[in-house]
Amino acid sequence: MSFWPGVVVATPAHSGVGGILSYRSESPLTPGALVRVPLGSREVLGVVWDCPATPPEGLSEAQTKPVAGALEGLPPLNERWRQLVRFSAQYYQRSLGEVALAALPPQLRELDAAQLARRLQRRDKKASTAETLPAQAVTGHDLSAEQVLALQALAEATEPVLLYGATGSGKTEVYLRATQAVLETPTPEGEPPTQVLVMVPEINLTPQLEARFRERFEPAFGAGRVVSLHSGMTPAQRLASWLAAHTGTARIVLGTRMAIFASLPGLRLIVVDEEHDPSYKSQEGARYSARDLAVYRAKVETEALAAAGQAARCQVVLGSATPSLESWHAAEQGRYQRLDMPGRIGGGALPRLRLVDMNHQPKGAAIAPPLLAAMEERIARGEQCLVLLNRRGYAPVLSCDACGWKSGCPHCSAFRVFHKLDRTLRCHHCGFTQRVPRACPDCGNLDIAPVGRGTEQVEEQLAQLLQDVKRTDGGPVRVARMDADTTKAKGSLEAQLAALHSGEVDVLVGTQMVAKGHDFRRITLVASINADAALFASDHRAPERLFALLMQAAGRAGRDAQHAGASEMWVQTWHPEHPLFAALKRHDYPAFAAEQLAEREIAGMPPHGFQALLRADARTQAAAQAFLNIAAEQAAGLPHRDDITLYPAVPLTIQRVANVERAQLLVETHSRAALQRFLGAWQPVLHACRSAPEARGLIRWAVDVDPLSI
Ligand code: ADP
Ligand code: ZN
Ligand code: ZN
């Protein structure tokens, strides 16, 4: 007897074969099983989606190829996982195969059944006995009153929970306790042990968090119970973590957005820390929001548990001191349940906001005199300062006064950044790097000068400005820098964090990566020296992001109650009267959110409206825009077309990157359902528009649903 399994394989994004391919098998295959199947001249990994005993209509036995082999020893991916993948593919307008295979660890694609069997064996030996109940009691902090209340409410919550807690309010302890409650819940005989997924926005934050979770749970639950999943791991490490999660050996998975697709058969809790962070939205392939998928995934898991007659649920907790406006709005509507933790552990106050009006400062000063004086005072007291600047390198542009030459990138519509340390001009968009020319390439003028400032320059200037200041131990002040350039090498981030924690460093200059999450004890002054650009950006989300960044940065200060009374957040601005600062001064996120939401309601912007972008990359800007505009014309008559506004195609802000011209077209509507139906119907049209003569030179196109920046 034969079977005709439908198998999902990775297909090129625009091949049009995005669906399920039919194969033949002599024995029935379980949906969710991993198989190797022939595709063209290759053999590829696939996921069995269904397995009918009759051939699909129009296909004869001779037309279907047999499945090459099953990856035995690996339990099938369960129905809830497949449902998550199915939903993601549909919602974000990508092929099922692309989403399903991208959700699996890359190394799995390369292994044959025998190699996989060896991996699994090796793993089984390493992991300690599969005790699911703690061997000893788990110990943690004595909870604060706010933490107790939050945990009680969480235990009863039936909706997604928005944990709105100030920086330093102890949200992580709430995650740890909620995790503990899940791990200590026994599961019925034959069911997989309970599991928890904790997501953080940045790879950098995983080592600290992993250490905390290990320390808390591995003594009681055994080694190997906590694993990480992020793109900074080697393929072998990723496979090992994935297998541990899939087989239930790992009880806790910590990871970045990609972890949302981990196979977790016993999933009971998903935590999304710093849920407002833009990095939860993928910017390539399927442009999914891991935060939104977390909410969906928890719902699917809960429904499945209910259908199986179990009382257990899968909860989702979104945590932030500055929630996304989407989540805030959902809580106001009652779709999410908000839990507040306004106080800081130890009763420390949030830092006081000090605005420096740059209109009244000496011209050209990177650090205004009053800010410098405040920093000197702190250092003299043995405290630390953090200086934030969202631009790495020495200067964003080199320029020739004589002829007007600027350090543009020949491949992009952007300037190359001057890096003084290695004397290079580097394009931060395409990576094109050259030695700094000795003289102006156009006119030979020797006097080419940096314009504007990056972290390298501020580090250099601060070291100079502070050279006469003494540390408490009498030594010279130490200024360090932390950005993507200084943390590239493996282990360098940890080393730099250690230097900061030990007090070796007095002043840290860094990009936003230092503002996030880290628990710095002795920083009492945080300064943002160049944040104005975001105040007037055309992107309607820029203020929201700036507010979150400044609140989070401020949250780095005064975490030690010993110093908390005097901690300060300094902001240098040319627009001190901007309303954003008034709300920031009062640490009043609710007021800020209310004002932003009111503006968005008037403008019909998310969360009061729904958007998608159609993006196109092409050899010429004309081709990119032609494709988009033709696609818009051809949308006439599609379902819900009347409910949808299609704007004309426009170039992206940085229009050319690596010699590719980029354009986009905004799709807007008042109804998510209308948007979804319209986009679904538009897909085949988009595939067809590819071959329009005007669109010659089109390289690729993609739909971005719920885009974060437009
Ligand atoms: P958040 O994530 O809300 O910014 P954290 O969870 O990092 O805050 O907590 C801030 C600090 O307070 C951490 O050093 C943490 O160990 C400590 N902490 C948290 N809860 C308690 C508690 N109940 N008692 C004492 N210290 C706590
Ligand atoms: Zn010149
Ligand atoms: Zn470039």
Side-chain angles (χ1 to χ4, degrees), residues 139-151 163-179 198 200-201 205 208-209 211-213 215-216 271-275 277 317-323 339-348 350 398-417 424-434 437-449 501 515-523 551-562 564 654-660 662:
T139 50
H141 291 291
D142 291 333
L143 296 175
S144 70
E146 285 182 359
Q147 286 170 329
V148 170
L149 288 177
L151 282 160
L163 183 61
Y164 168 53
T167 49
S169 62
K171 292 188 287 295
T172 313
E173 186 64 32
V174 171
Y175 306 153
L176 285 159
R177 294 299 180 112
T179 298
V198 182
V200 288
L205 295 174
Q208 265 193 7
L209 195 69
R212 276 180 84 175
F213 273 80
E215 189 191 344
R216 181 72 59 96
V271 173
V272 185
D273 193 23
E274 310 292 2
E275 66 90 32
D277 199 287
V317 179
L318 313 178
S320 177
T322 50
L339 306 179
D340 294 358
M341 297 206 303
R344 286 189 127 183
I345 294 290
L350 282 163
L398 273 192
S399 147
C400 167
D401 266 354
C403 76
W405 172 86
K406 284 190 167 52
S407 57
C409 174
H411 309 297
C412 307
S413 43
F415 293 118
R416 277 179 300 163
V417 175
T424 56
L425 285 181
R426 275 191 242 161
C427 176
H428 287 183
H429 300 281
C430 74
F432 182 64
T433 303
Q434 281 179 321
R438 260 175 236 289
C440 171
D442 283 1
C443 76
N445 174 18
L446 285 173
D447 207 16
I448 45 178
H501 287 302
K516 291 184 185 176
H518 300 289
D519 195 7
F520 301 131
R521 311 304 316 179
R522 291 172 52 197
I523 289 182
M551 283 279 276
Q552 242 184 329
R556 295 315 109 211
R559 292 173 80 86
D560 214 332
Q562 197 189 330
I654 296 174
Q655 147 172 0
R656 187 170 50 105
V657 167
N659 294 318
V660 171
R662 314 184 305 163

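Reckoned from all heavy atoms, side chains included, excluding hydrogens, waters and symmetry mates. Order of listing sets the numbers, starting from 1, for every ligand and every atom in it.
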One should read off an interatomic distance between Lys171 NZ and Glu146 CD, to the nearest 0.5 angstrom, of 11.0 Å
Ligand 1 to Ser144, heavy atom cutoff 4.0 Å, flagged ligand atoms 23 (N)
| query | Any non-hydrogen atom of Ala166 lying under 4.0 Å from ligand 1? | reply | yes
### Task
For Gly168 and ligand 1, answer yes if some heavy atom of the residue is under 4.0 Å from a ligand atom, otherwise no.
yes
With heavy atoms and a 4.0 Å threshold, my read on which part of Arg212 contacts ligand 1 is side chain
For Thr167, the atoms of ligand 1 under 4.0 Å from one of its heavy atoms are 4 (O)
Cys400 SG to Cys440 SG via the Zn ion (ligand 2), rounded to 10°, gives 110°
Taken to the nearest 0.5 Å, the spacing of Ser399 OG from Lys406 NZ works out to 4.5 Å
d(His141 NE2, Leu176 CG) to nearest 0.5 Å is 8.5 Å
_When you measure from the heavy atoms of Arg344 to every atom of ligand 1, does any distance fall below 4.0 Å?_
no
Taking every heavy atom of His501 against every heavy atom of Gln208, the minimum-distance pair comes out as NE2-NE2, 3.9 Å
Rounded to the nearest 0.5 angstrom, the CZ-CD distance for Arg662 and Gln655 is 9.5 Å
For Arg344 and Leu350, run side chain to side chain contact (heavy atoms under 4.5 Å, CB included): C-alpha distance rounded to whole Å, both residues' side-chain angles, the deciding distance at 0.1 Å, then the answer. CA-CA 8 Å; Arg344 286 189 127 183; Leu350 282 163; 3.6 Å; yes
Residue pair Leu163 / Val271, side-chain heavy-atom distance below 4.5 Å: no
Vertex the Zn ion (ligand 2), ends Cys403/SG and Cys443/SG: angle to nearest 10° comes to 110°
Side chains of Cys400 and Asp442: closer than 4.5 Å at any heavy-atom pair? no
- prompt: Okay, side chain of Arg216, backbone of Arg177: is any donor-acceptor separation there less than 3.5 Å?
  reply: no
Quick one: does Gly170 get an N or O within less than 3.5 Å of an N or O on ligand 1? yes
In this structure, CG of Leu446 is separated from SG of Cys440 (nearest 0.5 Å) by 10.0 Å
Listing protein N, O or S under 2.8 Å around the Zn ion (ligand 3) gives Cys409 SG, Cys412 SG, Cys427 SG, Cys430 SG
Requested in this report: Show the numbers, then the answer: is there a side chain to side chain contact (heavy atoms under 4.5 Å, CB included) between Leu425 and Phe415?
Outcome: CA-CA 9 Å; Leu425 285 181; Phe415 293 118; over 6 Å; no
Pairwise side-chain contact, Val200 with Glu274, heavy-atom cut-off 4.5 Å (strictly under) = no
Checking heavy atoms under 4.0 Å, the part of His141 that sits near ligand 1 is side chain
In ligand 1, the atoms that come under 4.0 Å of a heavy atom of Asp142 are 22 (C), 23 (N), 24 (N)
Check: of Val148, Thr172, Leu143, min heavy-atom distance to atom 2 (O) of ligand 1 comes from Thr172
Short version for Gln147: what comes under 4.0 Å of ligand 1, heavy atoms counted, is side chain
